[in-house]
There are 2 protein chains.
Amino acid sequence: MSENPRSMPAKTRRRQLIKATIKCIAKNGLSGTTMADVTSKAGLSLGIVNLHFETKEKLLIETLRFISDEYRNGLDKIFFNDKLSVEEKIIAHVSFDFSRAITDRDKLAVWFAFWGETKSRPTYMSICADYIDEIAKNLTSLFSILKKEGNYTSVDPDLVCICYTALSDGLWLDLLLTPKGWDADDAKAVAMHYLATQFPNNFSHIR
Amino acid sequence: MSENPRSMPAKTRRRQLIKATIKCIAKNGLSGTTMADVTSKAGLSLGIVNLHFETKEKLLIETLRFISDEYRNGLDKIFFNDKLSVEEKIIAHVSFDFSRAITDRDKLAVWFAFWGETKSRPTYMSICADYIDEIAKNLTSLFSILKKEGNYTSVDPDLVCICYTALSDGLWLDLLLTPKGWDADDAKAVAMHYLATQFPNNFSHIR
DNA sequence: GCAAACTGAATGAATAGTTATTCATTTGTA
DNA sequence: TACAAATGAATAACTATTCATTCAGTTTGC
């Protein structure tokens, strides 16, 4: 661990604590993550979370927001990149979904830790609800354009978006649960296989 | 609630407590489920869980085993039913995956509550690991036979099994998270849509 | 036929252990 | 010296587990 200067900008400390929280949730689960774990993982003292986040609950919420923002921002950068064709945007979207940053096992563990509690804690859901909608809208519009451009008359863009999204959720779960012999590149190939069934002229030869 | 006779066979009490545990996990999450919650939901006294399960952890494990067994037994009954054709078995498999019993929101919440903790508790994983393998093997073999029977030369049965399985995991997550305007029949239609891309002569017209 | 003793399931008050939160004190810096 | 950030011992709240007691049904002895 790096040494901790006595004093740091609040933003740095908050990020440091969020990073430690991600590791603790991955290691001990949401229920098993204690303030003592988090602060000692960060190499700081017990009271510091309450100083920077007030409560444990708020730390958890900020942790979820952190990984949510990372995901949303990554996809926005692709969707609003004028230099990419529609086909390239879709490929970039899939590549991002199965990139190192997103399929990091600690972060996957955090996602599913929160999904497992959403029914009981509507707050968790509300953090993601609106941007999930936005991502779906954007992805659907890409499929829509590709349908026109490629003359895929029988494709249903809404259906393809729902199916692709569920598929990638399921593949992430596999990546989290399956211990070995299966990595993000394999998962990406499965996702591409599905897109190739819908847009054979665009994605059949992509690895 | 029904009145509780003072004394009951152990098996009945255990099942009664497991049912209550499922409801509590769905309502309060794994971390928020206390012995007091479970026993009061079951209409019994605080000490009874320790009497029948020894510890809270063992109650949770038996609860996971209960819903796992229910799922595995349902699929086994289909796979080993000699009266069904391969096509009928696959359709029955999908119908079961999106049946009332399996897509019950309380039970889905329990599944994902445990998935969210598996990385930290290998025990949870080990309960499911072997039968997940078995289910995959069986389903792959069905796809394999259908490939031959239907002359689907370019289908990869292993890939289709992985893809279908991930897809249904993701659709279950959607069913758990999405509050309204989307039900198990819709999810089933998405799964069927995928199978139709692989076996168009068998599943294109199935709802 | 009847009550007294026995049995084991069920109860819930008490206990022991854990953990989030507080805040008086310490420490480095300006 | 003054100040803000950080510390960690102490506190308060919560919760799993224990176990002496209660209770209803069954058996035994007369």
Side-chain angles (χ1 to χ4, degrees), chain A residues 1-25 27-64 113-114 117 120-121 123-124, chain B residues 1-25 27-64 113-114 117 120-121 123-124:
Chain A
M1 276 287 137
S2 63
E3 67 281 3
N4 278 304
R6 173 83 192 178
S7 184
M8 287 282 264
K11 200 163 190 178
T12 310
R13 276 280 126 89
R14 288 168 62 92
R15 177 158 295 199
Q16 182 183 12
L17 289 166
I18 286 173
K19 289 264 171 76
T21 306
I22 290 172
K23 280 184 191 145
C24 288
I25 292 175
K27 195 171 196 185
N28 306 318
L30 257 194
S31 44
T33 294
T34 68
M35 303 293 250
D37 289 338
V38 172
T39 52
S40 98
K41 177 65 102 182
L44 293 166
S45 68
L46 184 55
I48 194 116
V49 167
N50 298 280
L51 183 67
H52 287 287
F53 292 94
E54 293 187 87
T55 66
K56 182 188 180 183
E57 183 67 12
K58 286 183 184 169
L59 168 67
L60 295 179
I61 286 173
E62 289 309 311
T63 301
L64 178 57
F114 279 101
E117 300 258 304
S120 48
R121 314 230 188 142
T123 317
Y124 297 163
Chain B
M1 276 287 136
S2 64
E3 66 281 3
N4 277 305
R6 171 86 192 178
S7 183
M8 287 283 265
K11 201 163 189 178
T12 309
R13 279 279 180 264
R14 288 168 63 93
R15 179 157 293 198
Q16 182 182 11
L17 288 166
I18 286 173
K19 290 264 171 75
T21 305
I22 291 173
K23 280 185 191 143
C24 288
I25 292 175
K27 195 171 196 184
N28 307 318
L30 257 194
S31 42
T33 294
T34 68
M35 302 293 249
D37 290 338
V38 171
T39 51
S40 100
K41 176 64 103 183
L44 293 166
S45 66
L46 184 55
I48 194 118
V49 166
N50 297 280
L51 183 67
H52 286 287
F53 292 93
E54 294 188 86
T55 66
K56 182 188 179 182
E57 183 66 12
K58 286 183 183 168
L59 168 67
L60 295 179
I61 286 173
E62 290 308 311
T63 302
L64 178 58
F114 279 102
E117 300 257 304
S120 48
R121 314 231 186 144
T123 316
Y124 298 162

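Residues passing the side-chain contact (heavy atoms from CB on, under 4.5 Å) test with Ser40(B), sequence neighbours excluded: none. Not counting sequence neighbours, the partners of Asp37(A) by the side-chain contact (heavy atoms from CB on, under 4.5 Å) test are Cys24(A), Asn28(A), Thr34(A). With sequence neighbours excluded, the residues forming a side-chain contact (heavy atoms from CB on, under 4.5 Å) with Thr39(A) are Leu46(A), Ile48(A), Val49(A), listed by chain and number. Judged as a side-chain contact (heavy atoms from CB on, under 4.5 Å), and not counting sequence neighbours, the contacts of Arg14(A) are His52(A), Phe53(A), Glu62(A).
As rounded to whole Å, 15 Å separates atom P of dA20(D) from atom CG of Leu51(B). Taking atom CD1 of residue Ile48(A) and atom P of nucleotide dA6(D), one finds them 4 Å apart after rounding to whole Å. Distance Phe53(B) CZ to dA9(C) P: 14 Å, rounded to the nearest Å. Per the geometry, CG belonging to Asp37(B) stands 8 Å off P belonging to dT15(D), to the nearest Å.
Here the side chains of Leu30(A) and Leu30(B) are not in contact, with every heavy-atom distance at 4.5 Å or above.
Contact check, His52(B) against dA9(C): no side-chain N or O comes under 4.0 Å of OP1 or OP2. Checking the phosphate oxygens (OP1, OP2) of dA5(D), no side-chain nitrogen or oxygen of Arg13(A) falls inside 4.0 Å.
Residue pairs meeting the salt bridge (charged side-chain N to carboxylate O under 4.0 Å, His left out) criterion with at least one partner in residues 44-53 of chain A, sequence neighbours excluded, are absent.
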So which protein N/O to nucleotides 18-22 of chain C N/O distances come out below 3.5 Å?
{"unit_1": "dA20(C)", "atom_1": "OP1", "unit_2": "Lys56(A)", "atom_2": "NZ", "d": "2.9"}
{"unit_1": "dA20(C)", "atom_1": "OP2", "unit_2": "Met35(A)", "atom_2": "N", "d": "2.8"}
{"unit_1": "dT21(C)", "atom_1": "OP2", "unit_2": "Lys56(A)", "atom_2": "N", "d": "2.8"}

